[in-house]
Number of protein chains: 2
Amino acid sequence: MFFIISYKYRSAMPGGQQRKKDMARSDARYREAYNTLLDHCATLPPGAVLPAESALSAIAGVSRTVIRRCLSRLEETGLISWDGRDKRILRTPAPEDRIVLADGHGASDDLERRFLDWILRFDVPANTPLSVAELSRNFDVPQHELKEFLAGLSRFGLVARRKQGGWMLLGFTREFAVELSDFRTVLELNAISHVIDAPVDHPVWPRLREIRAAHLALRSRIDTDFHEFSKLDEAFHEAVNSVVKNRFVAEFQKVISLIFHYHYMWDKTHEKIRNAAAIGEHLAIIDALEARDGDAARDAARRHLKTSKTTLLSSLRAHEFA
Amino acid sequence: MFFIISYKYRSAMPGGQQRKKDMARSDARYREAYNTLLDHCATLPPGAVLPAESALSAIAGVSRTVIRRCLSRLEETGLISWDGRDKRILRTPAPEDRIVLADGHGASDDLERRFLDWILRFDVPANTPLSVAELSRNFDVPQHELKEFLAGLSRFGLVARRKQGGWMLLGFTREFAVELSDFRTVLELNAISHVIDAPVDHPVWPRLREIRAAHLALRSRIDTDFHEFSKLDEAFHEAVNSVVKNRFVAEFQKVISLIFHYHYMWDKTHEKIRNAAAIGEHLAIIDALEARDGDAARDAARRHLKTSKTTLLSSLRAHEFA
DNA sequence: GTATCGCTTTTAATTATTTAATACTGTTTT
DNA sequence: AAAACAGTATTAAATAATTAAAAGCGATAC
């Protein structure tokens, strides 16, 4: 009983805002909901009656508990009157009525990309112990999120738990690269087969035509713009794999394409020659696909993936001896 | 300063054992290390000098911090004398000197199997909200372990976060089953190709011969023992896939085989006929493999996997209308 | 000079606390 | 009477706080 009522008075305590120390869980949800409610009130004239608590909870996308906390504050601030079901707007909310949102970690969503980026860019060696505390600081993400993220990565065999606690980076070893390349080949050849069977009105066909044109255009100015190939490579493989509608394939493809993409970008040895050759390989695949010649397409793809694998491995070797 | 010294006296406090409430983290590591050290002491005669702290930490596989805590207790119990580097055994340890290991959650390792078992056995519907607290109670696993586990599963698209917090079971929908089957087909056909290329002295060949014999034996008594097929099915697919040495494939295969295995066990409709047919399909694959006929093997495998897919889907449909 | 120790600092596992979500219950409104 | 609603109680999720363990760092003994 007291528990609920106390909401009404809590924010009236000295300081107004809660001390950070007391907040086991952030009240960001409440703050956002409050502002959303303000916006809603702004659309109504003074004297208007507010809808039911459950209706408001639907509007703000939060539970009734949060709504009641918001209403308490609205009443207290003098924005509304509140007695049971009767909730009336007293005055139109002003900009200064909003509560500031404690700047949360907006960084969380991008974590995977930034983490892989870090590993590949700084060439973090295999068997490096990963400190959750340190990663948390560097990536500006709460520790528990990082733990969940690492738990997810462990499913890909990229990291593993250490017996003495914490985590350890397993890849990027030679074995990892080989197995990744092999797995990519399996997925990609399957995708090629799917493209061959795609109906004539499938969006992949115009997309491939565009990509072919882009390849030809880049080939004509390869001497100067060879570094643009990386983007083209990603687009090509994305187009081919887009035909396969499979959540498992998609999940892996995300990681695979990221890793290959970065290696293409950073391995600068013979970059121009490599990219020129890859353009040729891509065009061969597209030719075979458009001719609906499955065997030829798979052969061409196999050749291209073999080149990719070799490139990936040699870039690892280069780092090893660096 | 006081913090560390207190180790020496803490265990002398009333009760001897720490109150559970005070233990933010379990001291299981210390307890195990202590017993290990006792075992080590038992091999030495009284009066013998114990090795350096770092050496002991290597023996017990823990940090020096834990070793020092153990030494404190050993000294206190009168088992050793300890003054700086001088550590001598005073008497041979007796069985009652061991500390009891607080029975921890030995349940953690088996979590994946038990979780999938639960989903499939009780036919938990798609879009069911999963409560970490409840799962934690039912599976007798700490909450944070469950969160990490669910984070891992989300990589397979089996579960996902909810915006209002917590997790939600996504599969087992029809789409999930279709995509899982398709993915399994891709992996399995690849495995078949690998088997074909395996050298004559590869262990897969004798294994397949054994499995063929087991199939023939079961076929002769299929009328009574048809339910034994489930084990045979698992053995067959495991043998074929064992040829592919790939961490990504292996990780998926674990989940896939579990799911198909359970469905074979529980879908009781036409079980005898289904299993008899599957035996024939398996034998056809084995025949083609032993004849080193890649195309025939892949065709046979495709037929078998198609049957499997149909069975999986119809078992889902059966549940839907139940 | 180097191996080892005492002590300090840092990290990770786990509990505890706070906020939010949900379930339940009786009352009011239609 | 039935539906909608607010008040209350319970439960869960996020995250801070706490403790065990690990790692690090001079000092010291050999």
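Each chain gets a letter, A, B and so on, in the order the sequences are listed, and its residues count up from 1.
Taking the six-membered ring for Trp and thresholds of 30 and 60 degrees, Phe248(B) and Phe252(A) have ring planes more than 60 degrees apart, a perpendicular arrangement. Ring geometry for Phe115(A) versus Phe139(A): interplanar angle of 30 to 60°, hence tilted.
The residue among Glu134(B) and Ser26(B) whose nearest nucleotide of DNA chain D is located toward the 5' end is Glu134(B).
Computed from coordinates, the Ile67(A) CD1 to dA6(D) P distance equals 11 Å when rounded to whole Å. Distance OH (Tyr34(A)) to C1' (dA20(C)): 19 Å, rounded to an integer number of Å. Atom C1' of nucleotide dT4(C) and atom CG of Leu56(B) are separated by 12 Å, given to the nearest angstrom. Between Leu71(B) atom CG and dC5(C) atom P there is a gap of 9 Å when expressed in whole angstrom units. Whole-Å rounding puts the Gln143(A) CD to dT18(D) C1' distance at 13 Å. Taking atom CG of residue Leu50(A) and atom C1' of nucleotide dC5(D), one finds them 15 Å apart after rounding to whole Å. We find that CZ of Arg69(B) is positioned 14 Å from C1' of dA22(D), with the value rounded to whole Å. Lys87(B) places its NZ atom 13 Å from the C1' atom of dC30(D), with the value rounded to the nearest Å.
Nucleic acid contact class of Leu130(B) (heavy atoms, under 4.0 Å, all strands): sugar-phosphate only.
Judged by atom type and distance alone, Arg85(A) reaches the base of dC5(D) through a side-chain donor-acceptor pair under 3.5 Å.
Taking CZ of Arg155(A) as the reference point, atom CD of Glu251(A) lies at 12.0 Å (rounded to 0.5 Å). With rounding to the nearest 0.5 angstrom, the CG atom of Leu71(B) is 11.0 Å from the CG atom of Leu79(B).
Shown for residues 148-167 of chain B: residues whose heavy atoms fall under 4.0 angstrom of DNA chain D, namely Arg161(B), Gly165(B), Gly166(B).
Counting heavy atoms from C-beta on, the side chains of Leu50(B) and Leu44(B) come closer than 4.5 Å. The side-chain heavy atoms of Val141(B) and Arg114(B), taken from C-beta on, include a pair separated by under 4.5 Å. Annotation: side chain of Leu74(B) is in contact with side chain of Tyr34(B) (closest heavy-atom distance under 4.5 Å).
Closest contact between the side chain of Arg137(A) and the listed nucleotides dT15(D), dT11(C), dA6(D) involves dT11(C). Proximity note for Ala133(B) (side chain, C-beta onward) versus dC5(C), dA12(D), dA21(D): the nearest is dA12(D). Comparing atom distances between the Asp27(B) side chain and each of dA20(D), dT11(C), dT18(C) picks out dA20(D) as nearest. The side chain of His144(A) sits closest to dA14(D) out of dA21(D), dA14(D), dA13(C). When the nucleotides dA13(D), dA6(D), dT11(C) are ranked by their closest atom to the side chain of Glu53(A), dA6(D) comes out on top. Taking the side chain of Val66(A) as heavy atoms from C-beta on, and the options dA21(D), dA21(C), dC5(C), the nearest nucleotide is dA21(C). Of the candidates dT17(C), dT11(C), dA21(D), the closest approach to any side-chain atom of Tyr30(B) belongs to dA21(D). The side chain of Arg68(A) approaches dT8(D) more closely than any other nucleotide in the set dA21(C), dT15(D), dT8(D). Distances from the side chain of Arg64(A) to the nucleotides dA23(C), dT4(C), dA21(D) place dA23(C) closest. Which of dA12(C), dA22(D), dT27(C) sits closest to the side chain of Arg25(B) comes down to dA12(C).
The only member of Arg85(B), Arg68(B), Lys87(B) that meets side-chain hydrogen bond (donor to acceptor under 3.5 Å, both in side chains) when paired with Glu53(B) is Arg68(B).
Considering only side-chain N and O atoms, Arg29(B) lies under 4.0 angstrom from the phosphate OP1 or OP2 of dA22(D). The phosphate of dA21(D) (OP1 or OP2) has no side-chain N or O of Thr65(B) nearer than 4.0 angstrom.
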